[in-house]
Structures are given as C-alpha cells and as structure tokens.
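In what follows, a structure is listed as structure tokens, so that the remarks can point back to it.
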Amino acid sequence: MSAATRAPRLPPRAKLRTEELVGSAVRHAILIVLVILCLAPIVWLLITAFKPYGELFSSPPTLFPIHPTLVNFAGGWSVGGGRGIRDSLIVATSSTVLCLILGFPAAYALARRFAAHGQLSFTILSLRMLPPIVPVIGFYLMFQKLHLYDTYIGLIIAYTFMNLPLVIWLLAEFIRQIPRSYEDAARIDGAPWFWMFRDILLPLSAPGIMTAAILSMMFAWNEFLFSLVLTGDNVITLPKALADFFLFQEPNWGQLGAIGIVAMGPLLVLSYLMQRYLIRSFTAELGGR
C-alpha cells in the first residue's frame with residue numbers, strides 16, 4: 001500500500017482525547033439507564049395514583065391518566081393510610097430521637113475510651129445484623145407481661161433496640177475523626193464537660209448525627225415485622241396499614257399508589273433538608289480514609 005492511500009494516524013493527544021470521550025459517554029449512558037430503572041417504579045406509582053378506578057383496568061391500557069383525579073388520595077387516606085402515616089411518624093420520630101440521645105454518649109465513650117478495642121465496635125454493629133425474627137418473640141412475651149403490647153411506647157422501644165447499634169457505630173466513626181486537641185484545649189481553658197459537649201462535639205459531629213438520624217428514621221419508617229407482631233388495633237404503622245389493603249378487601253391500586261406517594265414524602269423532605277450534612281459526612285468519611 002502506498003503512502004498516499006495509507007490512513008492518517010491520530011496524534012497521541014487526540015487519541016487519548018477520543019478514548020476519554022468514549023469512556024465518558026459509556027459512563028453517562030450507564031448512569032442514565034440506572035436512573036431510569038430507579039425512577040420507573042416511582043413514576044408508575046405516581047401515574048397510578050392519579051388514574052380513576054376505571055382506567056386502571058381499561059383495555060387497551062392507558063399509559064397516562066386521561067381524566068386525572070385526586071379521589072385516590074382521599075380514599076386511601078380515609079381507609080387507613082392516614083392513620084398509618086400518623087402512627088409511623090410518631091413511632092419513627094420518637095425512636096430516632098431516643099437513638100440519638102442514647103447513642104451519642106455511647107459513641108463518644110466507644111471512640112475515646114475504647115478506641116483500641118476495634119472488636120467492640122464490630123460486636124455492637126453485629127447486633128444490628130440480627131434477623132428481626134430472633135428478638136421479636138422475646139419482645140412479644142416481655143411486652144405482654146409489662147402491658148406494652150399494642151402501645152406506642154412498646155414499639156418505640158423495639159425500634160430503638162433495632163437501630164441503636166447502627167447509630168452508635170456510625171457516630172463513633174465520626175467522633176474518631178475529630179482531633180482530640182480540640183477537647184484538650186477546652187479542658188485547659190477550664191471548660192466543663194457539658195460546654196465542651198454542646199459547643200465543640202455536637203457542631204463538629206453534625207454531619208454524622210444527621211446521617212444517623214436519616215438512616216434510623218428510614219429503617220423505622222419501613223419496618224414491618226415488629227409492627228405486625230407487637231401491635232394490634234391500637235397502633236397501626238404504615239407498612240401494616242398497606243398490608244391491610246390486601247387482607248380485607250380487593251386492593252384498590254389507585255389508593256395504594258396514592259398512599260405510597262404520600263409515604264415517600266417525609267423521608268424525601270428530611271433528606272432534602274439535610275442534604276448538605278449528608279454531603280459533608282460522605283466527604284469527611286472519604287477524607288479520613
């Protein structure tokens with residue numbers, strides 16, 4: 001082959017630039033596919049929530065509601081969804097606050113007094129790995145004796161037991177990243193422990209506290225087995241209320257979609273309000289490794 005017909009060769013920089021563009025395009029394509037897969041169920045739930053009952057089973061099926069309605073939201077709220085959201089808010093919020101109140105001092109002791117005992121951190125975290133079916137029978141028998149069955153207090157105690165190990169482990173990791181010199185300087189200045197706790201440890205641990213709060217709230221909000229076994233008719237959390245849609249009647253998919261959309265609201269709002277703390281916590285965690 002002559003030199004005149006030989007294909008031109010790209011310079012090294014242009015070849016490298018082409019490979020970077022191809023790699024970036026492939027990564028973006030994969031991310032777009034993953035986002036579509038994650039958002040597709042939520043979009044379908046939203047579409048179902050606004051469809052009238054007749055359109056849910058129409059033939060041929062319709063992708064978007066022809067006559068959007070809010071009837072499903074009112075109906076789902078009145079048949080148990082509203083009570084489920086109320087009870088879930090009470091139990092999940094109370095257990096999250098209790099986990100933070102009990103977990104922060106325990107995490108400080110674990111990070112400062114038992115820093116050399118890494119096995120202790122794993123032991124505490126392993127309690128969170130227990131299958132829920134293991135402690136739930138013990139809780140049921142104990143709550144029957146203590147008259148805590150089917151009460152808010154009983155379910156709050158159970159959820160706190162479930163999430164407290166994770167909160168302690170997370171907060172201990174964040175406290176370890178706070179230099180001891182801050183505390184030493186406060187002690188030299190004669191600051192009492194409460195002042196040091198309030199003005200130094202809490203502000204510097206805020207990203208970790210918010211991360212632990214969101215995870216604890218999320219796990220308590222979605223928990224089903226404890227609510228099913230430890231409550232009756234007085235306390236009905238949202239997962240249990242949604243299950244009732246299938247037990248006592250033919251499920252109304254429009255109402256289920258409406259309650260599902262409303263149920264995502266508190267966690268989405270909480271995550272949005274605390275997103276800057278989440279970003280700081282992730283960057284601090286990566287920076288500390």
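As the structure is a prediction and not an experimental result, all values here were calculated from the model.
Within the 4.5 Å cutoff, the side chain of M162 has no heavy atoms near those of the P132 side chain. Proximity of S216 to Y159: side-chain heavy atoms (C-beta onward) are nowhere separated by under 4.5 Å. Side chains of I178 and S205 form a contact here, defined as non-hydrogen atoms less than 4.5 Å apart. Contact of the D87 side chain with the L238 side chain is not registered, since no non-hydrogen atoms from C-beta on lie closer than 4.5 Å. Side-chain contact between I261 and L45 is present, with at least one heavy-atom pair separated by less than 4.5 Å. Side-chain contact between S88 and P239 is present, with at least one heavy-atom pair separated by less than 4.5 Å. Taking the side chain as every heavy atom from C-beta outward, F73 and I259 never approach each other to under 4.5 Å. In this structure, V91 and W221 have side chains that are not in contact, with every pair of non-hydrogen atoms separated by 4.5 Å or more.
Partner of I30 under the side-chain contact (heavy atoms from CB on, under 4.5 Å) criterion, chosen from V26, I32, V33: V26. The ring pair (Phe, Tyr, Trp, His ring centres under 6.0 Å) test with Y149 singles out one residue from Y140, F143, F139, and that residue is Y140. No option in I157, N163, T160 other than T160 meets the side-chain contact (heavy atoms from CB on, under 4.5 Å) test with L98.
Around the CZ atom of F224, the shell of radius 6.0 Å holds more than 12 heavy atoms that belong to other residues, nucleotides or ligands. Summarising the local packing, CD1 of I153 is surrounded by 12 or fewer heavy atoms from other residues, nucleotides or ligands at distances under 6.0 Å.
The six-membered or imidazole ring of Y108 lies away from that of F197, with a centre-to-centre distance of 6.0 Å or more.
The structure places CG of L228 at 11.0 Å from CD1 of I236, a figure rounded to the nearest 0.5 Å. Going from atom CG of L230 over to atom NZ of K240 covers 9.5 Å, rounded to the nearest 0.5 Å. Between F50 atom CZ and E55 atom CD the span is 13.0 Å, to the nearest 0.5 Å. Between the CG atom of L215 and the SG atom of C99 there is a distance of 11.5 Å, given to the nearest 0.5 Å. Between atom CZ of residue R187 and atom CE of residue M196 there is a gap of 4.5 Å, rounded to the nearest 0.5 Å. Atom OG1 of residue T151 and atom CG of residue L146 lie 10.0 Å apart, to the nearest 0.5 angstrom.
The cluster map of Ile, Leu, Val, Met, Phe, Trp and Tyr, joined by side-chain heavy atoms under 4.5 Å apart, puts I200 and L202 in the same cluster. A continuous path of hydrophobic side-chain contacts links L100 to I175 [ILVMFWY only; heavy atoms under 4.5 Å]. When hydrophobic clusters are built by joining Ile, Leu, Val, Met, Phe, Trp and Tyr residues whose side-chain heavy atoms come closer than 4.5 Å, directly or via intermediates, M218 is grouped together with I42. L256 and L70 fall within the same hydrophobic cluster, defined by Ile, Leu, Val, Met, Phe, Trp and Tyr side-chain heavy atoms under 4.5 Å apart, directly or through other members. Linking Ile, Leu, Val, Met, Phe, Trp and Tyr whenever their side-chain heavy atoms come within less than 4.5 Å leaves I101 and L170 in two separate clusters.
Between E173 and R176, at least one side-chain N (NZ, or NE/NH1/NH2) sits under 4.0 Å from a carboxylate O, which counts as a salt bridge.
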Next item on the list: Walk me through it: do I209 and F174 pass the test side chain to side chain contact (heavy atoms under 4.5 Å, CB included)?
Entry: CA-CA 9 Å; I209 292 173; F174 279 94; over 6 Å; no
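The backbone N or O of R112 sits less than 3.5 Å from a side-chain atom of R180, completing a donor-acceptor pair.
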